[in-house]
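Note sheet for the following structure.
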Amino acid sequence: KNEVEQSPQNLTAQEGEFITINCSYSVGISALHWLQQHPGGGIVSLFMLSSGKKKHGRLIATINIQEKHSSLHITASHPRDSAVYICAVRSLIIIQGAQKLVFGQGTRLTINP
Amino acid sequence: KAGVTQTPRYLIKTRGQQVTLSCSPISGHRSVSWYQQTPGQGLQFLFEYFSETQRNKGNFPGRFSGRQFSNSRSEMNVSTLELGDSALYLCASSSSSLRNEQFFGPGTRLTVL
């Protein structure tokens, strides 16, 4: 079993729909990242959170440390939101003063006009 | 402020050869991390450098190595290339460590024939 599991793996929706992508992890973490990767490979860091909720524009990220679960929500989705969304956790196992990043497999989101 | 740059963007090599990839972090950033992305394995952490020292390493064979220079620029080297090394190699920089937000470069797409 992977340390970080995302669901769904693929998601297709119509423009305007409310989108939820889930991330569950099995290790102790110090923080969780949500990343966005567009076709062509460029990755953008959307959120870094260790508790509660963060909002940026139409994007909202929540995390429940006790349940080891995080969600990324997109309100009023738009075709330009089409991308792969990746959850990554910073493991609490500290090696040589740094912490290891472990990634989920990603969720491919397609928003149709 | 200029973003993270990686050179070259595309590279084709044959089995057995070696390759060196370069990453220039955002000015002022001292931490550089390297990641490998393949369709089968997704994103995997290779290593992190901070102030010219490798602080953390992922589960990759010794053929994968790196270094960081005094100006924080980093290089990654892969020796004795195998077909399975074909991947998108991404670097990311942050101000101090994996604890901080990571800014990703566009990646180098390596194809091994």
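Below, read A as the first sequence line, B as the second, and so on, with proteins coming before strands; counting in each chain starts at 1.
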Taking a hydrophobic cluster as the set of Ile, Leu, Val, Met, Phe, Trp and Tyr residues connected by side-chain heavy atoms closer than 4.5 Å, whether directly or through intermediates, do [X] and [Y] fall within one such cluster?
X       : Y        : result
A/Tyr25 : A/Leu49  : yes
B/Phe69 : B/Ile26  : no
B/Ile12 : B/Leu110 : no
A/Val89 : A/Ile65  : yes

Looking at side-chain heavy atoms only, is the closest gap between [X] and [Y] below 4.5 Å?
X        : Y        : result
A/Leu46  : B/Glu101 : no
B/Leu43  : A/Leu101 : no
B/Gln102 : A/Ser45  : no

*Between the side chains of B/Gln41 and A/Gln105, does any donor sit under 3.5 Å from an acceptor?*
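Result is no, nothing qualifies.
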
*How about A/Phe103 and B/Tyr35: are their ring centres within less than 6.0 Å of each other?*
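So the answer is yes for these two rings.
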
*asked:* Tell me whether the count of non-hydrogen atoms from other residues, nucleotides or ligands lying under 6.0 Å of CZ in A/Arg108 goes above 12.
replied: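 Result for CZ/A/Arg108: open.
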
